[in-house]
Amino acid sequence: MQASMFNVRVPLEQIGQGSDVFLMNTFTDAQVIVSRDVADLLDRLGHATEFLTDEQRDALATLTEHGFVVNDREGERRKVDQYFRNIRESKEQLRVTVLTTLQCNFACDYCFQGDHGDHNKFAAKMSLETAARVVQWTEERLDAIRPESFVLTLFGGEPLLNLPVAYYLTEKLWHATQARGVRMLVNVITNGLLLTPEVVDRLAPYGLNGVKITLDGDHDTHNRMRPLRGGQGTFDKIIENIRRVAGKCRVSIGGNFDESSVDSYPALLDFLREQEFADKLARVSFKPVIREPRPQQPKGLIPLTLVGSEGKSLNGTCMTSAGGGTSICDNCNFLDDKMSFLREETKKRGFSTVDGVHMGPCEIHRQHAHTIGPDGAIYACPGFTGDTQFSTGHINRDQSGVQAAAATRFETLAAWKECNDCAFIPLCAGGCSTAAHLELGDMNRPNCHKRSFEAGVVSFARDAAVREVATVN
Ligand code: SF4
Ligand code: SF4
């Protein structure tokens, strides 16, 4: 018997929450608060356990039952391999993210399209003909996989700039799923400018689950970071739209911060708290703009978060979504020391937010999660869209040799294999493969933000201790 490699512990006295210890096992997701003596038992495994008292043996039995104690390391590693295989092969859910257009009505500060006035003239927009093929292609997947649920995410660019395709896809796929007894959920990731009650009412009967809207700081900061292409501010209009739709559907707020904007977020949180729709917000969470060390050569793409050191986009599409309740890739949350600060500020004001621990594994590890570009090209995750060498197929054609090779690369991703005995492997899977590809030149290497996980666990432990005190009292 030995302690699981996935145990993490937080002595609560370190965070002023008493003298016990918070224990979590990231593989089983078991969480307990135990006395220091019990926690110390885990260190004594393998040494002189024959001298344990009955009480200590009972405690060990409970810890074993919850996965804190395992037979041997090899067995544990085999279980983790199986866990990732199960995630990859799971047929419970089919997820399709559709980029209805790469056009955008914003000129975000961190988006290289911001000062390119003719971008929208050339940016791809899905035709109704292609949308009809997306429906057919999805129906074929539904029949082949027979999932319990189907998640359609509308994304871009700004997805609401192509409302005919957005409406067409949701309505047709709703009928397709209902005919097959499959539950359907629709998420929209939008800059919020065109999110009117009419749009929500039109989507609501077809499984609208939630919308995620980006606010990049307080009024002035947001207007600086996310102006219209003509330079006008967008904050007031977005807030007005949130006010009008907040009772009609789940609204999550996300935001992308950098050094120049991060200090304005507490003021944004105060502002949101004062709004009458505050308690209707499903989730509020922020993440840093990811800077890329090497220049890239994007074509026709509008990434709003992944930007290069020279202000150029990476090869991904708009990544403004990560961090909210309807995220495409919530893994992109965990990147910066400021994350923990803003998470605590968000919680302090009573908003639901990401916990900084339960992050993944993300879409890229799931065989039945796809992103489809406006031209019908298929990708393993939103972060690789637009770079044809990483396309895994096309809705109109058989898979080419290059696409088959790309698909194999994604299917065999296992960056966590290099993570040795890191306790966060089940939650992290080695980090964001897009970031690893961009920053390290190899998608199959760990992109490590362990400190963020550690900070998340401390925060999680603090909340658990507070809850326990409240229960006892
Ligand atoms: S690899 Fe990165 S960008 Fe792609 S889904 Fe995962 S976290 Fe998101
Ligand atoms: S990338 Fe870092 S935090 Fe993630 S599993 Fe690997 S070592 Fe752990």
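Start at 1 with the first residue, then count along the sequence. Atoms within a ligand are numbered from 1 in the order they appear, just like the ligands themselves. What's counted below: heavy atoms across the whole structure, side chains too, no hydrogens, waters or symmetry copies.
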Around Arg409, counting heavy atoms of other residues, nucleotides and ligands shown, do more than 12 lie under 6.0 Å from its CZ? no
Side-chain ion pair, Lys347 and Glu344, N-O less than 4.0 Å: yes
Counting heavy atoms not belonging to Arg183, are there more than 12 under 6.0 Å from its CZ? no
Which ligand 1 atoms are under 4.0 Å away from a heavy-atom of Thr434? 1 (S), 2 (Fe), 3 (S), 4 (Fe)
Are the aromatic rings of Phe453 and Phe424 close, with centres under 6.0 Å apart? yes
Quick check: are there more than 12 heavy atoms from other residues, nucleotides or ligands sitting under 6.0 Å from CZ of Arg73? yes
Need the ligand 1 atom indices (1-based, order shown) with element for anything under 4.0 Å from a heavy-atom of Ser433. 1 (S)
Within 4.0 Å of some non-hydrogen atom of Cys381, the atoms of ligand 1 are 1 (S), 3 (S), 4 (Fe), 5 (S)
Specify whether Phe68 and His66 have parallel, tilted or perpendicular ring planes, treating 30° as the upper limit for parallel and 60° as the lower limit for perpendicular. tilted
How about Asp72: does its CG atom have over 12 heavy atoms from other parts shown lying under 6.0 Å from it? yes
Derivation and outcome, side-chain contact (heavy atoms from CB on, under 4.5 Å), residues Val96 and Arg141: CA-CA 10 Å; Val96 177; Arg141 302 276 91 63; over 6 Å; no
Answer yes or no for Cys432: is there an N/O/S atom below the 2.8 Å cut-off from atom 2 (Fe) of ligand 1? yes
Report, as a single number, the protein N, O or S atoms less than 2.8 Å from atom 6 (Fe) of ligand 2. 1
